[in-house]
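Read through the structure below, which is laid out as structure tokens, and then see the notes.
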Amino acid sequence: MNYRMMGRIISEILAFEAAFMIPPIFICMHEGAHRTMFWFLITTLATLAVAAVLFFFCRNAKKGFYAREGLVCVGLSWLIMSLVGCLPFYFSGEIPKFIDAFFETASGFTTTGSSILSDIEALSKGALYWRSFTHWVGGMGVLVFLLAVAPREKKNGGFTMHLLRAESPGPIVGKLVPRIKQSAMILYILYVVLTVLNIIFLKLDPKMPLFDAVCTAFGTAGTGGFSVRNIGLAYYSPYVQNVCTVFMFLFGVNFSCYYFLLMRNFKGFFKNTELRVYFGWAVTCTLMVFINIRGLYDTWSEALRHAAFQVSSIMTTTGFASTDFDKWPSFSKIILLLLMFVGACAGSTGGGIKVQRVVLLIKDLRRNIHQILHPNEVRIVQMDGQRVNERILKNTGMYLIAYVLIILISTFLVSVDGFTVTTNISAVSACMNNIGPGFEQVGPTLNFSGYSAFSKLVLIGDMLAGRLEIFPILVLFSRSTWKKSL
């Protein structure tokens with residue numbers, strides 16, 4: 001295990017996290033929240049000091065860095081980021097309990113959006129900004145950001161690809177261009193451009209404050225779902241809700257599709273199987289929900305707006321709410337529950353199993369059924385006209401097994417708090433799939449504060465496992481990970 005190289009990478013991540021805390025300091029200074037400003041400043045300086053010491057001792061790290069180190073480094077990085085990021089909330093008293101501050105910050109970085117806060121608007125604007133910004137930096141991934149902006153030696157032992165594979169969502173992780181740094185840079189440029197466009201369109205509503213527009217765009221871009229208002233997106237106009245519906249859908253698309261458009265590869269864009277399935281499911285589910293709930297609202301246009309908004313929000317795992325969908329008929333709630341598990345596209349900022357992985361599982365199932373009927377016939381699984389490696393199919397099956405086991409075990413563990421089965425299953429599903437709200441006691445108008453500290457730790461683990469595609473978290477608890485290689 002190359003501990004020094006991992007230490008060097010973690011030191012750089014801590015330095016970036018400290019830099020990210022600087023804007024909240026100035027926001028707190030501007031609004032006069034001096035106590036919160038002080039603790040953001042102290043946390044920033046302390047984080048920079050730890051980063052500097054860690055970098056000093058690891059500056060001469062050897063370049064040997066393989067898949068195991070990549071998985072461990074990613075898992076530790078996200079855990080450390082969440083622990084450090086929650087300190088200003090806790091020490092300033094904005095969130096008095098440490099486990100609650102940890103839960104809120106982990107929910108932010110993993111773009112889950114589950115909250116323990118009952119009065120969101122009671123937080124200072126600096127704290128609200130940091131809470132929303134964790135969505136934005138967690139959406140594309142802080143290690144992808146590191147790969148995009150940090151200088152790297154040309155001969156780096158291939159460790160950048162191991163980091164990209166460990167952090168990027170989806171069963172198939174590739175490069176847009178030959179060099180990893182350029183790929184990461186392209187991804188972040190696309191991410192920033194879409195975020196800025198989102199802010200501009202939101203601000204076209206004259207009643208939308210700039211601060212609200214920025215924080216809402218952070219939550220939309222990262223498909224996170226934190227709002228700066230107690231009643232969420234229901235606070236804003238139908239125009240704002242429609243803008244968020246469109247941009248949530250756009251951020252749920254595989255970013256490589258946007259690269260196809262930039263390169264004028266329109267054939268590759270329109271023939272992308274995952275994109276077509278994603279669009280088809282979104283339209284179909286929106287229509288089914290609309291038909292089911294049209295009698296609950298005064299006009300059909302209002303019903304369609306809420307149906308499209310909630311389908312886009314849940315399918316992309318954003319978790320914004322424009323209405324209390326927990327009061328919808330069971331048919332619509334089942335559709336939303338199923339969309340929780342499917343999630344958005346691979347290579348997007350969304351969570352869930354991913355559309356690409358579901359498509360691969362269906363294709364592999366069809367092949368296996370065919371081979372039972374025709375045992376002597378050899379069939380291959382294809383995606384977008386390309387043969388899918390058997391190892392990818394095997395890993396997809398392994399992922400599904402681990403995914404189901406974690407949900408079952410987590411639901412069993414959190415059931416000690418005495419909530420209903422629906423509440424527990426939806427809470428675990430919401431955290432594992434990085435959705436945000438669930439049903440009943442964790443519905444869109446309520447929060448996760450009722451769970452015990454133990455259950456919150458379980459749910460934090462689910463958030464991290466869901467965002468990092470399970471394996472980077474599982475390897476941290478594997479004995480073989482920490483054994484010396486012979």
Side-chain angles (χ1 to χ4, degrees), residues 1-25 38-91 98 101-102 105-106 108-110 130 133-134 137-138 140-167 180-181 184 188 460-461 464 467-468 472-473 475-478 481-485:
M1 186 77 76
N2 192 341
Y3 292 106
R4 285 196 173 186
M5 194 62 194
M6 289 193 298
R8 178 175 167 178
I9 293 170
I10 291 173
S11 71
E12 293 174 355
I13 289 171
L14 288 173
F16 277 117
E17 185 171 16
F20 293 149
M21 289 187 189
I22 294 176
I25 294 175
F38 173 78
W39 283 110
F40 266 112
L41 179 62
I42 292 299
T43 304
T44 299
L45 295 176
T47 303
L48 281 173
V50 172
V53 172
L54 191 58
F55 184 84
F56 176 79
F57 285 107
C58 301
R59 66 189 185 282
N60 296 320
K62 295 180 180 179
K63 300 298 185 296
F65 196 89
Y66 304 101
R68 179 172 64 168
E69 283 89 347
L71 291 167
V72 171
C73 190
V74 168
L76 285 176
S77 297
W78 281 72
L79 182 60
I80 291 170
M81 282 193 307
S82 299
L83 286 169
V84 172
C86 78
L87 296 180
F89 288 134
Y90 173 63
F91 286 117
F98 178 79
F102 184 27
T105 309
F109 277 119
T110 59
W130 176 241
F133 183 78
T134 55
V137 74
M140 188 58 69
V142 70
L143 284 160
V144 175
F145 179 83
L146 179 66
L147 297 177
V149 302
R152 293 289 168 209
E153 300 87 347
K154 291 184 178 180
K155 296 181 179 179
N156 52 41
F159 78 89
T160 53
M161 192 62 194
H162 293 306
L163 292 175
L164 187 66
R165 283 174 177 162
E167 188 178 57
I180 295 292
K181 182 178 177 64
Y188 254 98
I460 288 170
L464 292 168
R467 172 58 182 85
L468 299 178
I473 298 300
V475 296
L476 294 179
F477 299 96
S478 174
T481 301
W482 308 101
K483 290 181 180 178
K484 291 185 177 180
S485 302

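Note that the structure is a prediction, hence the values are computed from the model and not measured. Throughout, numbering of the chain's residues begins at 1 and tracks the sequence.
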- Item | Atom pair CZ (Phe109) and CG (Leu79), whose distance is rounded to the nearest 0.5 Å | 11.5 Å
- Looking at Cys73 and Ile9, what are the two nearest heavy atoms and their distance? SG-CG2, 3.7 Å
- Correct closest heavy-atom pair for Glu17 and Met81 would be OE2-O, 2.8 Å
- Task: Looking only at non-hydrogen atoms, find the nearest pair between Ala18 and Thr44 and report the distance.
- Result: O-CG2, 3.4 Å
- dist Ile473:CD1 -> Arg467:CZ (nearest 0.5 Å) comes out at 11.0 Å
- Task: For Phe98 and Leu83, run side chain to side chain contact (heavy atoms under 4.5 Å, CB included): C-alpha distance rounded to whole Å, both residues' side-chain angles, the deciding distance at 0.1 Å, then the answer.
- Result: CA-CA 10 Å; Phe98 178 79; Leu83 286 169; 4.1 Å; yes
- Message: Could you measure the distance from the OG1 atom of Thr110 to the CH2 atom of Trp78? Nearest 0.5 Å is fine.
- Response: 7.0 Å
- Message: Using side-chain heavy atoms (C-beta onward) and a distance below 4.5 Å, is Ser82 in contact with Phe102?
- Response: yes
- Query: Minimum heavy-atom separation for Leu476 to Gly75, with atom names?
  - Reply: CD1-C, 3.9 Å
- Indicate the atoms forming the closest heavy-atom contact of Pro88 with Thr43, along with that distance. CG-OG1, 3.7 Å
- Item | Point-to-point distance, once rounded to the nearest 0.5 Å, from OG of Ser11 to CG of Leu48 | 11.0 Å
- Item | Nearest heavy-atom neighbours spanning Val50 and Leu14 | CG1-CD1, 4.1 Å
- Taking the six-membered ring for Trp, are Trp39 and Phe91 parallel (under 30°), tilted (30 to 60°) or perpendicular (over 60°)? parallel
- Any sub-3.5 Å donor-acceptor pair from Trp130's side-chain atoms to Phe40's backbone N or O? no
- Measure the CD1-CZ distance between Ile13 and Phe20 for me, rounded to the nearest 0.5 Å. 10.0 Å
- Message: Checking the side chain of Arg8 only, and the main-chain atoms of Phe57 only, is there a donor and an acceptor separated by less than 3.5 Å?
- Response: no
- In this structure, CG of Leu54 is separated from CZ of Arg4 (nearest 0.5 Å) by 11.0 Å
